[in-house]
Amino acid sequence: MPITGENLIGAAARRGEGESFRAVEAATGNSLEPAFASATPADVERACALAAEAFDSYRETSLEDRARFLEAVADAIVAIGDELIVRCMAESGLPRARLEGERGRTVGQLKMFAGVVRDGGFLEARIDPAQPERKPLPRPDLRLRQIAVGPVAVFGASNFPLAFSVAGGDTASALAAGCPVVAKAHPAHPGTSELVGRAVQQAVKQCGLPEGVFSLLLDAGIAVGQALVADSRIAAVGFTGSRRGGVALMQAAAARAVPVPVYAEMSSINPVVLLPAALESRGRDIGRAFVGSLTLGSGQFCTNPGLILAVDGPGLDGFVEAASAALGDIQAATMLTPGIHKAYCAGVAALEANPAVITLARGLAGGTHQGQAALFSTTADAFLADHTLAEEVFGAASLVVRCPDLATIRAVLERLEGQLTAALHLDEADHDAARALLPVLERRVGRILVNGFGTGVEVGHAMVHGGPYPATSDGRTTSVGSLAIHRFLRPVSYQDLPEALLPAALKDANPLKLWRREDGKAVAPGA
Ligand SMILES: NC(=O)C1=CN([C@@H]2O[C@H](COP(=O)(O)OP(=O)(O)OC[C@H]3O[C@@H](n4cnc5c(N)ncnc54)[C@H](O)[C@@H]3O)[C@@H](O)[C@H]2O)C=CC1
Ligand SMILES: O=C(O)CCC(=O)C(=O)O
């Protein structure tokens, strides 16, 4: 499939008339062919108009048709073949095995949402039958279902160019909910974005859906994203990226005449608590495993373990020694973009220059665009006194905070901003200590895990990949897993509608064979 550098607007491919830009080969900094042309305000207008036009018919597609569409998108992505992986490797600097795995995750995610759609449980059908004889007042017939919110703008992430990008989790969950998607390509991987965008476009056509179900817009800068979020037809926004970018989009959406929700996944340092018995029995093993998680993908994961908390003592010394030794052997790895590499170097330099911070270890030095892993330590007093030490350094850098006791670990956790994940390393003898920390962690994070690290998010039904601000803009939800569909749904009640006018999900005969809540009780189809 040739990459043309065009915007995909509904069924059309149009060369934008905005600023021209090229993808950059992450490993060398060289420009790649072809030139991409930024969309214009007229392109944004056209994509949003088509999405709005498609909305009513797309959201009422049958569950089976919508599920098949999601599967067709998955198949079309696979059908691109190796060209997708090769282009993505060049644009992102990520290795083949990682990207092949990420493609599998992307396709699996689309198929999981196909299953969610077929199941129909997301419609949350509820029926409170009329009680005409009720005294003192009769009860009306009330029925509820969830409907799609409207066209969704999706901003692809630089660090997951497939699974969190054009046809990633935000797009899959929005399409599953019944929302058309206008995607804004990340400028770091426009070629990858176009290839995937064309696969979605092809699936829309193949399934006979209205063309406005999907569009893809390009931009060298931020104007297209700003215009998209400001457009009155966009009903919600999905974003993964920097705190600055996410907050800017939240502000743009809030400033609209009709504000809309922005589901932004932003910064997180993902505290890891090493409890005393575990440290004593296997501190060195944990240290080595930690370095594996820290340096995965050059540390460019929002779930990266950026903060280690433990009580000072020989157990922690063992962890630090083993982690430092393992880190010292880590090869520097190409980072996603020169900008992200520069930001990483600046974050590491700031920690190195901080008089309260000790540099424990550095990975092997690398080339111009490669991130050199780093491990630092500080005291709990210093950490609590300097809020900059709790800021995300995006890349393979982490800070060990030596605490005098468990109460101080708790105090540090209490002071942290919202996080995506927290990990506890514990043995059975640590259960009481862990139990005391759980309420704090529940308030601070979206996912609590034991004897592991948060990198590598499982895509499933019980996953929460979210967390209180600033991990995300709205900690009540998730961007990974089937629950993500609820970001793009809204409940509607139907009072006293004649059977003929009721949506299929709520008709007496239950033609969709849904589990429904009738008078508050779960009722199986056919019961
Ligand atoms: N926590 C996380 O999951 C991630 C964090 N990052 C952080 O973000 C930094 C920059 O990485 P990027 O991926 O380029 O993130 P970014 O936030 O700068 O850009 C993400 C997307 O949002 C758009 N955007 C950014 N600011 C905008 C604005 N004011 N108005 C409209 N659109 C806007 C960009 O064009 C891009 O499409 C990294 O160095 C890292 O610190 C990046 C990726 C993931
Ligand atoms: O760890 C993962 O698998 C996903 C991480 C993530 O969501 C991100 O880095 O943006």
Side-chain angles (χ1 to χ4, degrees), residues 1-23 32-55 58 69-70 72-81 83-84 87-88 91 106 110 151-157 161-162 164-168 170-172 174-175 179-221 223-225 227-229 231 233-234 237-238:
M1 211 188 286
I3 298 172
T4 63
E6 292 165 304
N7 294 281
L8 307 178
I9 302 178
R14 283 170 193 243
R15 185 134 205 101
E17 288 172 11
E19 190 188 335
S20 172
F21 68 103
R22 280 169 199 272
L32 292 166
E33 292 297 331
F36 291 81
S38 304
T40 59
D43 295 325
V44 177
E45 160 64 33
R46 172 93 180 131
C48 292
L50 284 175
E53 212 175 289
F55 178 48
Y58 179 60
F69 167 53
L70 292 167
V73 173
D75 292 345
I77 290 172
V78 172
I80 304 168
E83 187 188 355
L84 178 63
R87 178 74 190 194
C88 198
E91 290 184 333
T106 309
L110 286 156
V152 172
V154 171
F155 288 75
L162 300 171
F164 284 77
S165 193
V166 172
D170 286 342
T171 295
L175 291 175
C179 300
V181 166
V182 182
K184 210 291 277 177
H186 196 291
H189 57 264
T192 305
S193 298
E194 182 183 326
L195 289 170
V196 174
R198 285 186 184 273
V200 185
Q201 198 182 41
Q202 183 192 322
V204 170
K205 188 171 175 203
Q206 180 191 323
C207 295
L209 295 171
E211 58 171 326
V213 165
F214 177 79
S215 290
L216 174 68
L217 300 172
L218 301 163
D219 193 10
V224 168
L228 188 56
V229 173
D231 191 287
R233 289 158 294 201
I234 293 297
V237 179

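In what follows, residues are counted from 1 in the order of the sequence shown.
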Trainee: In Å and rounded to the nearest 0.5 Å, what is the CZ to CD1 distance from Phe36 to Ile3?
Mentor: 5.5 Å

Trainee: So, for Ala76 and Ala199, which heavy atoms are closest and what is the spacing to 0.1 Å?
Mentor: CB-O, 3.6 Å

Trainee: Might you point out which heavy atoms bring Ala72 and Cys207 nearest each other, and give the distance in Å?
Mentor: CB-SG, 3.8 Å

Trainee: Give a yes or no on whether the backbone of Gly212 and the side-chain of Tyr58 come within a donor-acceptor separation of less than 3.5 Å.
Mentor: no

Trainee: Please check if any side-chain donor atom of Arg14 sits under 3.5 Å from a side-chain acceptor atom of Thr4, or the reverse.
Mentor: no

Trainee: Check whether any side-chain N or O of Glu211 sits under 3.5 Å from a backbone N or O of Gly10 as a donor-acceptor pair, and report yes or no.
Mentor: no

Trainee: Write down the atom of Ala54, the atom of Val213, and the distance for their closest heavy-atom approach.
Mentor: CB-N, 3.8 Å

Trainee: Rounded at 0.5 Å granularity, tell me how far CG in Leu217 sits from CG in Leu8.
Mentor: 9.0 Å

Trainee: Before you tell me yes or no, could you show the steps for Val154 and Lys184 under side chain to side chain contact (heavy atoms under 4.5 Å, CB included), namely the whole-Å CA-CA distance, both residues' side-chain angles and the distance that decides it to 0.1 Å?
Mentor: CA-CA 6 Å; Val154 171; Lys184 210 291 277 177; over 6 Å; no

Trainee: Is there a donor-acceptor contact under 3.5 Å linking the side chains of Thr192 and Glu91?
Mentor: yes

Trainee: Ignoring hydrogens and angles, state whether a donor on the side chain of Ser165 or His189 is under 3.5 Å from an acceptor on the partner side chain.
Mentor: yes

Trainee: For atom CD of Glu83, decide whether the heavy atoms of other residues, nucleotides or ligands shown that lie under 6.0 angstrom number more than 12.
Mentor: yes

Trainee: Is a side-chain N or O of Ser38 found less than 3.5 angstrom from the main chain of Glu19, in a donor-acceptor match?
Mentor: yes

Trainee: Measure the spacing between CG of Asn7 and CG of Leu216 and express it to the nearest 0.5 Å.
Mentor: 7.0 Å

Trainee: Does Ala223 offer a backbone N or O that forms a donor-acceptor pair with the side chain of Asp219 under 3.5 Å?
Mentor: yes

Trainee: Closer than 4.0 angstrom, basic N to acidic O: yes or no for Glu53 and Arg233?
Mentor: no

Trainee: What verdict does the side chain to side chain contact (heavy atoms under 4.5 Å, CB included) test give for Phe214 and Leu209, after you've listed the backbone C-alpha separation in whole Å, the side-chain angles of each residue and the deciding distance to 0.1 Å?
Mentor: CA-CA 10 Å; Phe214 177 79; Leu209 295 171; over 6 Å; no

Trainee: To the nearest 0.5 Å, what is the distance between CG on Leu195 and CE on Met1?
Mentor: 6.0 Å

Trainee: Atom CG in Leu110, atom CG in Leu70: separation rounded to 0.5 Å?
Mentor: 6.0 Å

Trainee: Quick one: do Arg198 and Glu6 satisfy salt bridge (Lys or Arg N to Asp or Glu O under 4.0 Å)? Show the steps, please.
Mentor: CA-CA 10 Å; Arg198 285 186 184 273; Glu6 292 165 304; 3.1 Å; yes

Trainee: What heavy-atom pair brings Leu228 and Ile234 nearest, and what distance separates the two atoms?
Mentor: O-CG1, 3.3 Å

Trainee: Taking all heavy atoms of Ala51 and all of Pro180, pick out the closest pair and write down the distance.
Mentor: O-CG, 3.4 Å

Trainee: Walk me through whether Val182 and Val152 qualify under side chain to side chain contact (heavy atoms under 4.5 Å, CB included).
Mentor: CA-CA 6 Å; Val182 182; Val152 172; over 6 Å; no

Trainee: Would you sort out whether Leu162 and Ile77 count as a side chain to side chain contact (heavy atoms under 4.5 Å, CB included), showing the intermediate values?
Mentor: CA-CA 10 Å; Leu162 300 171; Ile77 290 172; 5.9 Å; no

Trainee: CZ of Arg15 to CG of Leu218: how many Å apart, nearest 0.5 Å?
Mentor: 9.0 Å

Trainee: Side chain of Thr40, backbone of Glu17: donor and acceptor closer than 3.5 Å?
Mentor: no

Trainee: Closest approach of Ala188 and Pro190, non-hydrogen atoms and distance?
Mentor: C-CD, 3.5 Å

Trainee: Determine whether Leu175 and Phe69 make a side-chain contact, defined as any pair of heavy atoms from C-beta on separated by less than 4.5 Å.
Mentor: yes

